[in-house]
Amino acid sequence: MTSPALVRAADLKRMADVAKAKNVTVWIEINGRRIGVSPELPPIDTGAKANQKYEDFDL
C-alpha cells in the first residue's frame with residue numbers, strides 16, 4: 001500500500017491557476033516540506049553576447 005499524497009491534484013491545479021493568473025509563485029508548507037508552483041516563464045535568451053573579459057572578475 002502506498003502512502004497518501006501530500007497535496008491532492010485538485011489543490012495543485014488551484015495553485016497553478018493562481019500562479020498563472022497572478023504571475024507569481026505559490027508555496028504551501030505541509031509537514032515541514034515546501035511545495036511550490038510557478039507560472040510558465042518566457043525564455044531568457046535575448047540573443048545578446050556577454051561583453052565580459054577575464055580581467056572583469058575578481059579572483
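The residues of the chain are indexed from 1 along the displayed sequence.
- Taking 4.5 Å as the limit, some side-chain heavy atom of Val37 sits within range of a side-chain heavy atom of Leu12.
- In this structure, the side chains of Arg8 and Arg14 come closer than 4.5 Å at one or more pairs of heavy atoms.
- Within the model, atoms CD1 of Ile35 and CD1 of Ile30 stand 4.5 Å from one another, a figure rounded to the nearest 0.5 Å.
- In this view, Arg34 satisfies the side-chain hydrogen bond (donor to acceptor under 3.5 Å, both in side chains) rule with no residue, not counting sequence neighbours.
- Summarising the geometry of Ser38 relative to Ala19, their closest heavy-atom pair is C-CB, 4.2 Å, with the distance given to 0.1 Å.
- Trp27 and Val18 sit in two unconnected hydrophobic clusters of ILVMFWY residues. Membership requires side-chain heavy atoms under 4.5 Å apart, directly or through other members.
- Heavy-atom contacts from other residues, nucleotides or ligands closer than 6.0 Å to CD of Glu40 number 12 or fewer.
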